[in-house]
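Beneath this line is the structure, given in structure tokens, with notes to follow.
Quick note: numbers below take in every heavy atom, side chains included, and nothing from hydrogens, waters or symmetry partners.
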Amino acid sequence: MTASELWRHSDPEGTQMWKFLQHVNSKYGLSLADYPDLYKWSVDNVADFWGDVWHFAGIKASKPFDQVLAPDAPMFPRPDFFAGARLNFAENLLFPANADVDEDAVAVITATEDDNALTETTWAELRDQVRRCSNALRAAGVKENSVVAGFVANHVQALVALLSAATLGAIWTGISPDSGVSAVLDRLVQIRPQVLFSDNATIYNGKEWSGKAKTLEIVEALKQHGLETVVIIKGLPNFETGLDEFRNLGVRAEEHDSFLSSSADHPLVFTQLTPSHPLYVLYSSGTTGLPKAIVHTAAGTLLQHKKELYLHCSLSPASRMLYFTTTSWMMHHWSVSALSCGASLVLYSGSPFKPNGYLSLPILLSKLKVTHFGTSAAYLTTLEANSVIPIASEHNLDLSRLEAIYSTASPLPPSTFSFVYQAFPSRVNLASITGGTDIISLFGAPCPLLPVKVGEIQCAGLGMAIAVMDSASSSAEPELVTTEGEEGDLVCLKPFPCQPLTFFGPAGQDKYRSAYFERFGENIWHHGDFVKIPDSKTGGLVMLGRSDGVLKPAGVRFGSAEIYNVLTRHFGGEVEDAICVGRRRERDRDETVCLFVVMKEGKGFDEGVRRRIGEVVRRELSARHVPGVIEEAGGGVPKTGNGKKIEVAVKQILSGMQVRTNASVANPEALEWFKGWARREEERERLPN
């Protein structure tokens with residue numbers, strides 16, 4: 001074990017990944033010796049690989065596919081994977097193939113900050129709740145391609161609604177209840193949900209919050225865009241549901257349990273659908289306009305998730321996963337797919353630091369015998385900063401079942417890699433992983449056949465032909481980096497099943513192309529991350545942050561456009577222009593959102609303006625959207641000759657990186673001002689307190 005190695009699997013030849021490697025060797029007469037060999041085969045033989053994953057991992061289908069992928073299929077337009085097959089996503093989670101599941105065993109545990117509020121749901125109970133909910137949705141007029149939305153926390157009722165929508169072939173979209181009304185409507189108005197599930201109240205950081213006022217405002221707006229039914233989940237009994245107030249808005253409103261009881265006593269019937277049938281809508285915020293509504297497919301999502309969870313993560317019916325996530329984040333969708341491996345879920349909502357401070361989640365991991373724990377890099381760095389060592393705590397925690405810790409949303413600092421192996425059992429596979437909303441899965445994944453090295457993601461996922469593109473190269477002549485370990489843009493060079501189907505709404509394909517295939521051409525997926533691959537043989541990745549204008553403070557992803565929209569709506573009479581970027585310097589543990597405004601003539605910038613902007617962003621979007629820096633842009637907003645804000649250059653300047661832009665800067669003095677501001681900030685921070 002080299003100095004940089006922190007972990008190796010104690011029995012790699014006992015893992016499903018090793019068994020899959022041997023399966024490939026046997027079927028094709030090969031002598032693949034290790035993961036790098038298997039990975040190379042998977043990206044050189046895309047159709048064969050995905051066809052073998054379908055059968056080896058176990059996909060339940062009423063009709064087999066005729067063809068995995070057409071020869072020479074392009075990346076754009078999205079190719080049709082598994083043509084001819086018929087299947088249902090929800091059926092594959094509720095009745096998983098290749099997994100022996102006891103229907104009386106616990107499938108889901110719902111947990112909150114309240115230690116006494118644990119709720120267990122068996123596989124039989126989960127299936128029956130989906131039966132009743134899907135029948136109630138069908139009776140409410142929901143059918144294939146209808147949209148069902150959830151303004152809900154992470155609990156079993158949300159999971160039942162998701163699976164019930166998928167049972168019917170409807171499209172599910174989830175939004176966390178801590179989102180502001182504007183953020184919700186910016187998303188849901190676009191996709192016109194027919195049914196909305198919403199919590200009556202939520203608990204966070206020791207406080208209970210009513211959701212009624214926000215939901216009423218949301219429903220009143222969505223009624224004008226096709227909303228027919230509202231289902232209120234009474235998660236906190238001390239808060240009213242407000243059913244009559246919702247009905248007064250002209251929609252049908254039911255309490256969740258009554259809604260399920262209203263359904264006819266029909267059996268659970270899974271609509272059999274094409275592999276490319278839409279399953280989820282997630283949202284990717286850009287630097288202009290509304291959040292983009294990304295449509296993900298049923299088979300693409302299912303197969304990619306099962307590949308990752310079954311092969312890369314070694315999940316089985318003996319596993320139990322807790323991923324600390326909201327319903328807005330793609331990790332929610334990823335983690336619930338653990339059911340497809342027969343694993344059980346812990347669905348947690350609330351603060352990670354209540355009710356037992358920094359040990360709140362470790363105590364839950366111990367109590368519920370969790371095997372796979374997922375969280376954000378920000379959470380682990382918080383434990384490190386406060387020297388929290390769960391294995392040495394006074395609570396005598398039993399973390400003997402814990403096999404893996406997954407960290408995502410932002411790069412995990414090298415020191416935190418080492419810290420985790422001091423704070424948690426040394427046998428744990430710490431996996432920094434990366435992917436995103438755009439692919440609802442991973443590019444960089446765990447691997448039981450490779451070591452964990454300080455500061456590195458273990459590997460590129462099987463079948464994902466990633467590479468590093470020279471950031472300065474053009475779309476007409478894209479060039480890969482020429483030196484091993486050189487920084488550049490993360491790209492993917494071959495088709496993969498979890499490519500989005502399209503973007504929802506008018507001109508969806510044009511938006512899709514612009515998002516991923518404009519930067520380097522129509523056969524190269526541009527992901528928007530800075531990355532380097534130190535060793536091309538082992539394939540470990542080092543993430544360096546975003547290469548575009550997307551913001552990710554504490555791993556929460558949103559676009560500058562959301563901030564600009566708030567400024568336009570609420571500060572149009574004061575703010576002339578603005579630029580909003582993320583700053584993450586080499587020494588920073590997290591990204592800081594920095595907002596710089598240009599005031600209208602005759603309007604001054606002061607502490608009052610700064611405070612009001614923060615308050616309105618918090619109210620309209622969420623506390624996580626509030627910029628950490630709000631300043632006046634003394635040199636104006638840098639723009640290209642055609643008026644486009646040059647966000648990436650400002651981001652690079654503030655982050656201490658080399659500015660690389662091919663755009664013609666119309667006002668270079670603005671960039672010089674930001675260089676000066678960054679220098680002054682560095683000097684200020686070096687001063688003693």
Side-chain angles (χ1 to χ4, degrees), residues 176 178-183 186 283-291 328 376-378 409-410 545-546 548-585 587-600 603-639 645-657 670-671 673-678 680-682 684-685:
S176 174
D178 64 345
S179 302
V181 172
S182 292
D186 281 350
Y283 305 91
S284 178
S285 297
T287 57
T288 58
L290 295 172
S328 295
S376 65
S410 58
R546 296 292 299 179
D548 56 17
V550 173
L551 304 158
K552 289 186 73 175
V556 179
R557 177 177 176 172
F558 59 93
S560 54
E562 295 195 64
I563 304 295
Y564 300 149
N565 291 343
V566 168
L567 292 178
T568 299
R569 291 171 188 155
H570 299 278
F571 296 90
E574 300 174 71
V575 175
E576 180 71 33
D577 204 351
I579 188 164
C580 187
V581 300
R583 178 187 70 185
R584 183 167 184 161
R585 298 162 298 190
R587 67 177 183 275
D588 293 335
R589 289 185 173 274
D590 195 12
E591 180 174 278
T592 298
V593 177
C594 300
L595 173 65
F596 297 87
V597 298
V598 177
M599 304 302 291
K600 286 184 178 290
K603 300 292 183 180
F605 180 85
D606 56 21
E607 185 59 36
V609 172
R610 179 184 287 115
R611 186 189 70 255
R612 285 191 293 116
I613 290 175
E615 290 171 349
V616 173
V617 169
R618 181 185 300 271
R619 184 185 75 233
E620 293 296 313
L621 299 176
S622 79
R624 296 172 299 178
H625 288 74
V626 178
V629 172
I630 303 176
E631 296 287 351
E632 186 173 17
V637 173
K639 296 182 179 180
K645 298 176 186 181
I646 309 176
E647 292 182 344
V648 172
V650 174
K651 174 179 180 174
Q652 291 173 336
I653 289 170
L654 300 190
S655 300
M657 302 170 67
L671 286 179
W673 182 88
F674 279 101
K675 291 178 182 178
W677 185 88
R680 292 190 295 274
E681 277 293 289
E682 292 284 341
R684 184 185 65 80
E685 292 182 10

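Lys651 is listed as a side-chain neighbour of Glu591, based on a closest heavy-atom distance under 4.5 Å. Counting heavy atoms from C-beta on, the side chains of Val597 and Leu595 come closer than 4.5 Å. Inter-residue side-chain proximity for Ile630 and Phe596 is flagged as unmet; no heavy-atom pair is nearer than 4.5 Å. Within the 4.5 Å cutoff, the side chain of Asp178 has heavy atoms near those of the Arg624 side chain. Taking the side chain as every heavy atom from C-beta outward, Met599 and Val609 approach each other to under 4.5 Å. Looking only at side-chain heavy atoms (C-beta outward), Phe674 and Leu654 come within less than 4.5 Å of each other.
Partners of Arg587 by salt bridge (Lys or Arg N to Asp or Glu O under 4.0 Å), not counting sequence neighbours, listed by chain and number: Glu682, Glu685. For Ser179, the side chain to side chain donor-acceptor pair (under 3.5 Å) test picks out no residue, with sequence neighbours left out. With sequence neighbours excluded, the residues forming a side-chain contact (heavy atoms from CB on, under 4.5 Å) with Asp186 are Leu290, Pro291, Asn565, Arg569, listed by chain and number. Residues satisfying the side chain to side chain donor-acceptor pair (under 3.5 Å) criterion with Thr592, sequence neighbours excluded, are absent altogether. For Asp577, the salt bridge (Lys or Arg N to Asp or Glu O under 4.0 Å) partners at least two apart in sequence or on another chain are Lys639, Lys645. Residues passing the salt bridge (Lys or Arg N to Asp or Glu O under 4.0 Å) test with Arg618, sequence neighbours excluded: none. In this view, Arg610 and Glu607, Glu631 satisfy the salt bridge (Lys or Arg N to Asp or Glu O under 4.0 Å) rule, not counting sequence neighbours. Every residue meeting the side chain to side chain donor-acceptor pair (under 3.5 Å) condition with Glu576, not counting sequence neighbours, appears here in chain and number order: Lys600. Every side chain to side chain donor-acceptor pair (under 3.5 Å) that Lys675 has, sequence neighbours left out, goes to Glu672.
Across every non-hydrogen atom of Glu632 and Trp673, the tightest pair is O-CH2, 3.3 Å. Across Val598 and Gly636, no two heavy atoms sit closer than the pair CG2-CA, 4.0 Å.
For the atom pair NE2 (His570) and OG (Ser182), the distance works out to 5.0 Å, reported to the nearest 0.5 Å. Between the CG atom of Leu621 and the CD1 atom of Ile563 there is a distance of 5.5 Å, given to the nearest 0.5 Å. If you take CD on Glu681 and CZ on Arg583, they are separated by 6.0 Å, rounding to the nearest 0.5 Å.
Ser328 contributes a side-chain N or O that, together with a main-chain N or O of Ser176, makes up a donor-acceptor pair within less than 3.5 Å. Between the side chain of Ser655 and the main chain of Arg584, a donor-acceptor pair closer than 3.5 Å is present.
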**OP:** List the steps and the verdict of side-chain contact (heavy atoms from CB on, under 4.5 Å) for Leu671 and Val650.
**Re:** CA-CA 7 Å; Leu671 286 179; Val650 174; 4.1 Å; yes

